[in-house]
Amino acid sequence: MSLFLERLSGGPVLCDGAMGTLLYAKGVFINRCYDELNVSQPEMVGAIHADYVKAGAEVLETNTFGANYYRLLRHGMEARVSEINRAGVRLARAAAGEAAMVAGSVGPLGLRIEPLGRIAREEARKAFRDQIEVLADEGVDLILLETFGYIDELHQAVLAAREVAPGLPVVAEVTIDEEGNALDGAQPEAFGVRLTDFGVDVLGCNCSIGPAAMLDTIERLRKVTSLPLAAQPNAGMPRSVEGRNIYLCSPEYMASYARKFAAAGVSLVGGCCGTTPEHIKAMKSALRVGEARASSFRVTVANPVAAPIVKPLEERSKLGHKLATGGFVTMVEIVPPKGSDPAKELAAARYLSSVNIDAVNVPDSPRASARMGNQALCSLIARECGIETVLHYTCRDRNVLSIQSDLLGASAMGLHNLICITGDPPKLGNYPDATAVFDVDSIGLVNIAHNLNLGVDIGANPIGSATSFVIGVGANPGISDVDEEVRRFEYKCEAGAHYAVTQPVFDLRLLEEFLRRVEHCRIPVLAGIWPLTSLRNAEFMSNELRVSVPDEILARMAAASQSSEHARAEGVLIAREMVMKARGMVQGVQVSAPLGKFTAAVDVIEALG
């Protein structure tokens with residue numbers, strides 16, 4: 001047994017308090033890299049460590065919370081991971097002497113990892129591994145993974161610690177809100193079980209909230225795990241006083257909660273933001289005088305929740321049935337109106353229904369334009385026009401909470417067909433100064449929809465009945481970096497995509513090559529078809545949207561430019577040829593209706609017979 005775990009078995013162990021709070025109080029601006037102070041101002045960092053030892057802290061955390069590759073990259077210091085972490089351990093060890101143990105502090109990467117972000121799990125694990133390996137090599141007594149809001153990211157950190165430092169104890173701490181939930185929505189009963197399954201040695205909470213709310217969460221955790229618990233709250237919630245954030249909990253108040261934490265079964269007690277050596281000194285006295293002992297506990301096994309019914313793809317919608325059974329799908333795009341009157345769009349949907357088009361595809365404010373919400377239009381079409389809709393859903397305007405709420409609402413309204421895309425940035429539209437959100441990209445969005453189909457939210461919490469989405473994604477065979485496009489396509493498929501729709505196709509060689517490269521993904525692909533309306537339209541596609549338009553097609557549109565009627569007729573003819581040639585390669589087509597000419601879109605599809 002390690003010295004740390006042996007000490008835990010004898011009663012509550014007191015950790016130190018905040019580092020950043022004291023550095024800020026000493027005049028270090030918040031835009032500085034606090035971890036780099038280990039190298040540039042070691043006396044300042046070392047003095048803070050020494051003050052905590054004098055206050056009675058038995059565990060010192062290294063000043064390395066943000067010393068991973070991605071956080072250091074923000075300051076141009078990504079090449080200094082080893083240097084900064086080594087300096088951090090040496091400073092803490094020098095201050096600790098024989099009086100305290102040293103915990104290697106590891107925080108989150110500061111970027112979302114898959115499924116909600118662009119950092120792959122393997123990339124995240126490597127960043128944690130590179131940092132933890134240095135901390136272990138310098139001789140820390142334990143690894144402290146702190147302030148993690150996303151349990152999947154914390155899992156990668158745990159795996160990294162076990163890979164490079166298998167002999168060191170691992171403490172895993174989650175940052176929570178006032179309801180006790182992690183930032184990804186996971187409830188204590190859920191993340192307590194998951195952290196136990198991850199094989200950590202100690203689990204608990206730190207940061208974000210004050211001691212009262214954290215005690216409630218600790219009591220909930222105690223019911224689902226037999227592992228030692230850790231609690232390191234802030235000194236209350238910060239309050240703005242004359243432009244500065246001040247933590248108002250007194251040392252005496254924190255000391256009273258130190259005894260309560262110990263009585264609730266907490267083995268590692270400390271502080272986070274706003275706590276100082278004065279707080280730790282008071283907490284030390286309280287633990288000594290109170291002679292607190294961990295209360296007895298009982299692990300509660302929750303009643304199993306019945307697994308939600310997950311419908312097979314062919315039962316989710318008519319589109320899902322056709323995709324699942326190998327039928328050839330026809331879709332036409334209807335763009336929402338700029339105003340509040342959808343009469344023309346509803347008339348178009350009725351017309352498309354009358355000629356047996358399978359579904360209408362409704363984009364979400366294309367080119368970052370302000371239009372009627374496509375979810376409202378889809379609902380109207382589905383209710384009044386007798387044809388299925390495909391809801392475009394973008395990440396541009398919504399955070400992950402709004403995304404989840406919108407998708408649950410769409411499911412409740414019977415909208416089951418999706419195309420998940422990242423979305424055009426506002427700078428492309430009429431309001432270039434509008435704020436973009438992009439909490440996730442299309443890969444993260446697919447993951448969210450897929451989880452809802454399994455009956456769980458973004459925090460893996462059960463939501464009751466599962467949704468039944470048919471999840472589509474976009475693809476661009478003509479993009480310049482096709483290797484990256486293929487890689488992202490693979491990620492979308494792994495995340496749970498059921499089908500894909502390409503950008504407009506004019507060069508069949510590129511489509512054929514792309515399909516060859518993604519053949520192993522085994523999801524149906526629908527070719528995007530755009531009937532050109534003029535030579536200018538073709539040039540816009542080629543030069544501004546960066547769609548590959550062969551010279552032959554540009555020449556044909558130039559030859560037909562004597563009148564708008566000739567140009568539109570030639571555009572339809574080219575689109576019909578594309579449909580016929582692509583038919584053997586794909587499982588469907590999505591045809592756009594430029595200028596609202598839906599008869600032209602139907603003319604294109606009629607080439608299929």
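In this chain, numbering begins with 1 at the start of the sequence shown. Computed from a predicted model, the values in this text were never measured in an experiment.
Under the side chain to side chain contact (heavy atoms under 4.5 Å, CB included) criterion, I458 pairs with V400, Q404, I448, sequence neighbours left out. For E43, there are no side chain to side chain contact (heavy atoms under 4.5 Å, CB included) partners two or more places apart in sequence or in a different chain. Take K26 and apply the salt bridge (charged side-chain N to carboxylate O under 4.0 Å, His left out) test, not counting sequence neighbours, and it matches no residue. Scanning for salt bridge (charged side-chain N to carboxylate O under 4.0 Å, His left out) contacts around E36 gives R32, R80, with sequence neighbours left out. Under the rule for a side chain to side chain contact (heavy atoms under 4.5 Å, CB included), the partners of A165 that lie at least two apart in sequence or sit in another chain are I132, A136, L168. Applying the salt bridge (charged side-chain N to carboxylate O under 4.0 Å, His left out) criterion to E138, with sequence neighbours excluded, gives R86, R90.
Pairs passing the ring pair (Phe, Tyr, Trp, His ring centres under 6.0 Å) check and including a residue from residues 26-48, sequence neighbours excluded, do not occur. Pairs of residues two or more places apart, or lying in two chains, never qualify as ring pair (Phe, Tyr, Trp, His ring centres under 6.0 Å) while including a residue from residues 60-109. Listed by first and then second residue, the ring pair (Phe, Tyr, Trp, His ring centres under 6.0 Å) pairs involving residues 131-182 are F128-F148, H155-F198 (not counting sequence neighbours). Counting only residues at least two apart or on different chains, the salt bridge (Lys or Arg N to Asp or Glu O under 4.0 Å) pairs with a member in residues 189-200 are D152-R194, E189-R220. Within the structure, the salt bridge (Lys or Arg N to Asp or Glu O under 4.0 Å) test picks out the following pairs touching residues 154-170 (sequence neighbours left out): R125-E163, R129-E163, R162-D201. Sorted by first then second residue, the salt bridge (Lys or Arg N to Asp or Glu O under 4.0 Å) pairs that include residues 61-78, not counting sequence neighbours, number zero.
Of the charged side-chain nitrogens involved, none lies within less than 4.0 Å of a carboxylate oxygen, so that D439 and R398 do not count as a salt-bridged pair. Between R487 and E484 there is a salt bridge, since a side-chain N of the basic residue sits under 4.0 Å from a carboxylate O of the acidic one. For the pair E153 and R112, the salt-bridge criterion is not met [side-chain N within less than 4.0 Å of a carboxylate O].
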